Amino acid sequence: MSFDERKIADDKLPREFYTRDALTVAEDLLGKYLVSRKEEGRTAGMIVETEAYKGEEDPASHAFSGEKTERTKVQFEEGGRAYVYLIYGLYHCFNVVTGKEGEPGSVFVRALEPVQGEDIMRKRRGLKDKKSKKELTNGPGKLCMAMGINKKMSGKDLGGEELFVSRSEKEIEVKTAERINIDYAGEAKKWPWRFFVKGNPYVSETDRGSRTSPIPE
DNA sequence: CTCACGATTAGA
DNA sequence: CTAATCGTGAGA
């Protein structure tokens, strides 16, 4: 293991990082490393795009108005756990649970920049060698595939050894935008709760949601 | 029990 | 642009 890899492994974010507001955590997670350690080996990526979801007041959230179900109950626990669910019966989505116990909230991780285990990611994603490295992790379903994240990990503490987030000192310039694919959420669709690293090529969508032109009537 | 649907992706 | 594909949650 190289020095850099060890440094990542030993520098997990503390609980207090996660027990804050979802919007704060969403922005703060940018530039940090998401690390997965499984049988196939170790994979890691820098978080470059996130979205905040707040239970009570956010119509886009799975925990809207305090609705607690079998799937979403982990969002009501203390921040610092994984919330993983299946979307469209095909892909997994990875979230970090935020806030204090009883305050539902989560940060949806939409994109990573691969930093370790690119070969493993490539295998898991079933990409041809020709395909661009970008395709490995530039979307929520893609990054779960690349990192080997599945539903069994939902509810797991991110202070564990299999999946965790590591600190970094990287200087990052943040941009915000509307969240993606939440047409069902009415007004909340326009809230700028998506955060991404300015200029990073692994961000899934950079232009979408930008309000450069006013919406006509 | 039925059934509608989604915080997505790959491919035409 | 659309098909793929199934766990979840609401309602009968």
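These numbers were taken from a predicted model, which means no experiment stands behind them. Order of the sequence lines fixes the chain letters, A, B, ..., with proteins taken first and strands second; residue numbering starts at 1 for each chain.
OP1 and OP2 of B:dA7 both lie 4.0 Å or more from every side-chain N or O belonging to A:Lys189. Put simply, A:Thr69 has no side-chain N or O that comes within less than 4.0 Å of OP1 or OP2 on C:dT8. The shortest distance between the side-chain N/O atoms of A:Arg71 and the OP1/OP2 oxygens of C:dG7 is not below 4.0 Å. Side-chain N/O atoms of A:Asn181 include one lying less than 4.0 angstrom from OP1 or OP2 on B:dT8.
The side chain of A:Glu67 has C:dA10 as its nearest neighbour among B:dT8, C:dA10, B:dA7. Checking B:dA10, C:dG7, B:dT8 against the side-chain heavy atoms of A:Arg125 singles out B:dA10 as nearest.
Taking atom OH of residue A:Tyr88 and atom P of nucleotide C:dT2, one finds them 13 Å apart after rounding to whole Å. Rounded to whole Å, atom P of B:dT8 lies 10 Å from atom CD1 of A:Ile182. Note: NE2 (A:His92) to P (C:dT5) measures 15 Å, nearest angstrom. The OH-P distance, from A:Tyr83 to B:dA7, rounds to 9 Å in whole Å. B:dT8 atom C1' lies 17 Å from atom CZ of A:Arg179, rounded to whole Å. Protein atom CG of A:Leu136 is 11 Å distant from nucleotide atom P of B:dA10, rounded to whole Å. Separating the NZ atom of A:Lys142 from the C1' atom of B:dT8 is a distance of 9 Å, rounded to the nearest angstrom. Here the P atom of nucleotide B:dT9 and the CG atom of A:Leu86 are 13 Å apart, to the nearest Å.
Counting any heavy atom pair closer than 4.0 Å across all strands shown, A:Leu90 reaches a base atom. Within the 4.0 angstrom heavy-atom criterion, only backbone atoms of the sugar-phosphate kind lie near A:Arg110; the bases stay farther away.
Between A:Ser204 and A:Gly89, the residue whose closest nucleotide on DNA chain B is further toward the 5' end is A:Gly89. For the pair A:Tyr91 and A:Lys151, both in contact range of DNA chain C, the more 5′-proximal nearest nucleotide belongs to A:Tyr91.
Not counting sequence neighbours, the partners of A:Tyr85 by the ring pair (Phe, Tyr, Trp, His ring centres under 6.0 Å) test are A:His62, A:Tyr83. Partners of A:Thr24 under the side chain to side chain donor-acceptor pair (under 3.5 Å) rule, at least two apart in sequence or in another chain, do not exist in this structure.
Two residues are said to be in side-chain contact when any heavy atoms from C-beta on lie closer than 4.5 Å; A:Pro114 and A:Tyr202 meet this criterion.
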Nucleotide pairing, DNA chain B (Watson-Crick or G-U, distances under 3.5 Å), in dot-bracket with [ ] and |
||||||.||||.
